[in-house]
Colleague: 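Following this message is one structure expressed as structure tokens.
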Amino acid sequence: MSEMCIVDKSPFVNRSKRAFRFLGYDSAMAKAKFNHQKIEKKWQKFWEAEGIFKANEKAREPFYVLDMFAYPSGEGMHVGHPRGYTASDILAKYYMMQGKNVLHPFGWDAFGLPAENYAVKVGVPPAQTTKKNIANFKRQLKSFGMGYDWDREINTSDPNYYKWTQWIFKVLFDNGYAYQKEAYANWCPKCQTVLANEQVVAGQCERCDSAVEQKKMKQWFFKFTAFAQELIDGLAQLDWPESTKEMQKNWIGRSEGAELEFAIDGGRDKIKVFTTRPDTLFGVTYMVLAPEHELVEKIVTSEQKKAVERYVANARKKSALDRTAAKEKTGVFTGAYVVNPANHERVPVWVADYVLADYGFGAVMAVPAHDERDNEFAKKYDLRIVRVIESDEDFYAGYGKLINSSEFDGQESEKVIPAITKKVGGKLTVQYKLHDWLISRQRYWGAPIPIIYVPKGSPSVPRGGKKSVAPTYGGDSFVPVSMDEKDLPVILPNDVDFKPTGESPLASSKKFQDGVEARYGKGARREVDTMDTFVCSSWYFLRYCDPHNTKEFAGKDSLKYWMPVDFYVGGAEHTNGHLLYARFMVKVLHKLGYLDFDEPFLKLRHQGMIQGEDGEKMSKSRGNVVNPDEVVEHYGADTMRMYEMFMGPFAMSMPWSTQGMVGVRRFLDKVWGKVQGADKKQETPHALVAKVTEDMEGQKFNTVVSTMMEFINEAQGTSWVRDFTLLLAPFAPHLAEEIWQNVLGEKASVFEDRWPRFDTKRAQAASVVIAVQEMGKLRGTVEIARDASERDVLAAVEQNDKLTRLVQNSKKHVFVPNKIINFIN
RNA sequence: GGGCAGGUGGUGGAAUGGUAUACACGAGAGACUUAAAAUCUCUUGGUCGUAAGACCUUGUGGGUUCGAGUCCCACCCUGCCCACCA
């Protein structure tokens with residue numbers, strides 16, 4: 001997905017080698033230990049040759065288990081990365097053994113900045129770097145024993161993939177969901193380029209530390225806001241963590257209120273405001289416009305003109321970050337007045353940057369008595385502060401009780417807001433914090449935006465396809481038009497200059513504009529910006545269903561069979577990014593009739609992060625990175641997989657412990673030792689199967705492992721080996737396959753067998769230990785047959801010398817079958 | 001300022017309102033070994049006690065309950081996300 005941590009090997013290698021040697025774990029030393037290096041490679045080859053993990057039969061019930069898209073960074077993975085991948089792999093294997101036809105694919109979110117920055121610095125083209133990185137990631141994933149269907153591997157930088165990213169852009173553009181407008185963007189004056197918000201650190205460019213400015217540029221947008229309500233409503237049906245849903249709701253930020261108009265005193269213009277509190281109209285003592293508000297220039301009086309211009313220019317220079325970080329509010333009077341529609345009072349109009357241009361109407365009716373921010377501003381500039389009180393009763397009569405901000409509650413607002421809004425000629429409305437999605441990037445390593453600009457009034461456009469709904473804008477002599485589908489993909493050229501110049505590097509390509517005029521008419525030229533990589537990753541899960549299709553982004557039948565994704569695993573940091581973009585994309589394509597579902601991911605779980613052994617976030621600079629290649633080499637992939645599940649609850653973040661991992665390796669050796677000599681004569685360990693199955697269904701992988709440990713600690717004989725191996729297989733696939741085929745002598749893969757069944761009744765022990773309490777305090781226990789009656793338990797307690805007094809002393813008792821008996825005095 | 005998680009031994013953590021501290025790590029003692037590693041066995045929340053046992057203990061303070069780590073109220077602390085959103 002996004003550019004995750006970049007892992008540097010060099011400082012770590014020495015450290016880790018020392019650590020491993022210190023722990024002294026050497027599998028070759030004792031007979032009881034298995035040689036992980038040998039068996040892991042052997043079975044990885046076997047699974048690949050036999051195609052064990054390929055999804056291709058359509059007869060069985062489908063189950064789609066997906067990891068979030070990976071960005072193949074230069075240094076490969078650290079041990080935190082495989083945690084989510086291991087969990088999804090365990091689920092894929094588990095559901096496969098439950099008889100499902102499982103789709104478990106992997107692919108690469110290959111476009112993005114690090115490869116391009118590397119090209120700027122070193123000169124190696126991004127395509128080359130990316131190819132190398134992918135090969136390394138793939139090698140690592142295979143060495144972990146992941147059961148991906150590599151026939152379905154996809155790569156966003158492959159023209160066969162980005163053709164469809166471009167096609168989706170075209171569909172959105174043709175239907176009015178992609179549009180172009182002037183917008184402020186983060187601009188680094190030194191690098192001469194636009195930066196994404198993530199690249200702006202504390203108001204500075206992350207690469208050169210220059211102060212980032214706001215620059216107005218023509219940019220492409222997707223109409224995110226058209227789906228704001230549907231994106232909120234759709235959450236209800238999803239099995240996602242509640243906190244994730246809540247974060248998305250807050251990000252979309254719906255609020256109900258009213259749109260009101262304040263006429264300029266002595267002018268014809270009106271200032272529109274959005275307010276959630278029209279009931280505080282009588283407390284309005286001034287009006288504030290955002291510095292960017294279009295009426296500022298128009299209404300400012302000649303006396304105030306200079307001061308206002310200076311203030312506005314200053315505000316523009318400040319970054320959004322500086323503006324919000326400002327401790328004190330600032331502003332300037334415009335000299336103009338508006339009329340309050342409720343009481344016809346004249347109030348002054350100010351300009352202040354605490355009002356945001358891009359929320360509501362970029363203007364606020366200030367009520368300093370009932371709003372903290374207005375209050376602070378009013379105090380600083382000596383503006384009137386008027387509480388809404390009893391004397392306004394005439395106005396509010398009939399609209400419910402009088403409003404005092406602290407007493408205002410939801411029930412009253414339901415009655416009061418519509419009535420008052422109507423009385424002053426406003427209307428009820430809903431506002432969202434969500435903005436449209438700015439997808440243009442002045443970058444090379446991304447999917448080119450498939451748009452052609454032609455001279456205005458050009459006779460030759462558009463050719464074919466649906467009529468373009470492209471807007472023309474302010475006096476420009478060129479208009480953007482949609483491309484023909486058959487002209488896709490627009491291939492990313494390689495004759496470019498990577499050095500940043502302020503324009504997209506594609507502008508420096510000669511090849512890129514070849515043939516455009518011949519095809520689209522004289523003067524035609526291509527858009528040179530590329531798309532945000534989040535566009536590429538907003539639909540990739542669809543492509544896995546039918547990755548080799550050359551006619552469509554994915555065939556209808558395949559989509560119908562596999563989608564939506566049944567189980568999605570990935571980090572919570574993507575909540576307000578990727579997860580929202582993907583939901584938006586599915587909703588647009590659904591609305592346009594390309595999909596028959598409108599949510600991409602039915603069930604979602606987040607993995608917690610693995611911190612370094614020092615409890616800090618793993619990072620190159622802290623030097624606490626643990627390299628999974630080292631772990632696999634010394635302890636084996638099975639050990640790593642199982643330890644990462646054993647560490648704690650899947651969603652929780654926690655520190656890595658190499659010593660803790662050694663405990664898991666000891667357990668696997670113990671298993672290996674105990675299964676020796678097992679034969680075909682087998683019995684189901686019902687209690688074990690029941691507990692493991694139950695925890696698998698709840699994704700409580702940590703307790704699955706501890707349950708297996710407890711079982712092995714007690715296990716006698718070998719009658720349990722067959723079923724135990726099946727339970728072990730998703731976690732430690734190599735060892736399980738080794739036991740399955742080479743100890744038990746099975747001929748097919750353990751993954752082609754079925755998850756063991758159990759009998760609930762036989763899963764229960766014949767006898768139970770009942771806690772004997774006195775006033776809730778434990779005094780002892782009695783062992784007795786399961787489901788023993790109250791009378792039998794009482795008798796057993798009475799027979800116990802130490803407990804017998806409880807029966808005699810107590811007036812009454814509470815009995816819970818198979819659990820407790822509590823005596824009350 | 002708003003939202004969401006969470007606070008349990010030396011450590012990671014376990015526990016449908018019913019025996020708190022499972023499992024694992026670490027530590028201590030012992031066995032094997034010339035020795036070490038590995039492996040195996042035992043001990044391991046605290047206080048008092050020779051012992052039997054008693055009392056205390058899940059961030060703090062209240063409450064509900066026969067019984068609360070778990071439910072309710074208030075507070076403290078930590079982490080994450082958003083943040084001048086009218």
Colleague: Which is true for Glu710(A) with a 4.0 Å heavy-atom rule: it touches a base, it touches only sugar-phosphate, or it touches nothing?
Modeller: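 If one applies the 4.0 Å heavy-atom cut-off, Glu710(A) turns out to touch the sugar-phosphate alone, with no base involved.
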Colleague: Is there a donor and acceptor pair closer than 3.5 Å between the side chain of Lys329(A) and the base of rC84(B)?
Modeller: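 Result: at least one qualifying N/O pair found.
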Colleague: Once you round it to whole Å, what is the distance between C1' of rA83(B) and OH of Tyr354(A)?
Modeller: 17 Å
Colleague: Rounded to whole angstrom, note down the P distance from rG45(B) over to rU33(B).
Modeller: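 Nearest-Å result for rG45(B) against rU33(B) at atom P: 32 Å.
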Colleague: Using the purine O4'-C1'-N9-C4 or pyrimidine O4'-C1'-N1-C2 torsion, is rG69(B) syn (within 90° of 0) or anti?
Modeller: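 rG69(B): anti glycosidic orientation.
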Colleague: Is Lys802(A) touching bases, backbone alone, or none of the nucleic acid, heavy atoms closer than 4.0 Å?
Modeller: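 Since only primed, P, OP1 and OP2 atoms lie under 4.0 Å of Lys802(A), the category is sugar-phosphate.
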Colleague: Quick one: sort the Trp350(A) and Phe377(A) rings into parallel, tilted or perpendicular, breaks at 30° and 60°.
Modeller: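 Perpendicular.
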Colleague: Name the pairing partner of rU34(B), where a pair is Watson-Crick or G-U wobble with both distances under 3.5 Å, or state none.
Modeller: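 rU34(B) is unpaired by these criteria.
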Colleague: With a 3.5 angstrom cut-off on both distances, give the Watson-Crick or G-U wobble partner of rU41(B), or none if there isn't one.
Modeller: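 The base-pairing partner of rU41(B), which may sit in any strand shown, is rA29(B).
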Colleague: Taking the P atom in each of rG62(B) and rA68(B), what is the distance between them to the nearest angstrom?
Modeller: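 Their P atoms lie roughly 14 Å apart.
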Colleague: It should be established whether Lys433(A) places a side-chain nitrogen or oxygen under 4.0 Å from OP1 or OP2 of nucleotide rC84(B).
Modeller: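 So the side-chain polar atoms of Lys433(A) never come under 4.0 Å of the phosphate oxygens OP1 or OP2 of rC84(B).
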Colleague: Which base sits across from rU70(B) as a Watson-Crick or G-U pair, both distances under 3.5 Å?
Modeller: none
Colleague: What residues, two or more places apart in sequence or in another chain, satisfy side-chain hydrogen bond (donor to acceptor under 3.5 Å, both in side chains) together with Asp371(A)?
Modeller: Arg373(A)
Colleague: Sticking with atom P, work out how far rG67(B) lies from rA52(B), rounded to a whole angstrom.
Modeller: 30 Å
Colleague: Name the one of Asp279(A), Thr280(A), Thr275(A) that satisfies side chain to side chain donor-acceptor pair (under 3.5 Å) with Arg277(A)?
Modeller: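 Among Asp279(A), Thr280(A), Thr275(A), the one meeting side chain to side chain donor-acceptor pair (under 3.5 Å) with Arg277(A) is Asp279(A).
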Colleague: With a 3.5 Å limit on both atom pairs, tell me what rG79(B) is paired to, counting Watson-Crick and G-U wobble, or say none.
Modeller: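 The answer is rC4(B), by the H-bond criterion.
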Colleague: Are Arg666(A) and rU39(B) close enough that a side-chain N or O sits under 4.0 Å from OP1 or OP2?
Modeller: yes
Colleague: Tell me whether the side-chain N/O atoms of Asn702(A) come closer than 4.0 Å to OP1 or OP2 in rA24(B).
Modeller: no
Colleague: Heavy atoms from C-beta onward define the side chain here; which of rA86(B), rC55(B), rC25(B) lies closest to that of Lys777(A)?
Modeller: rC55(B)
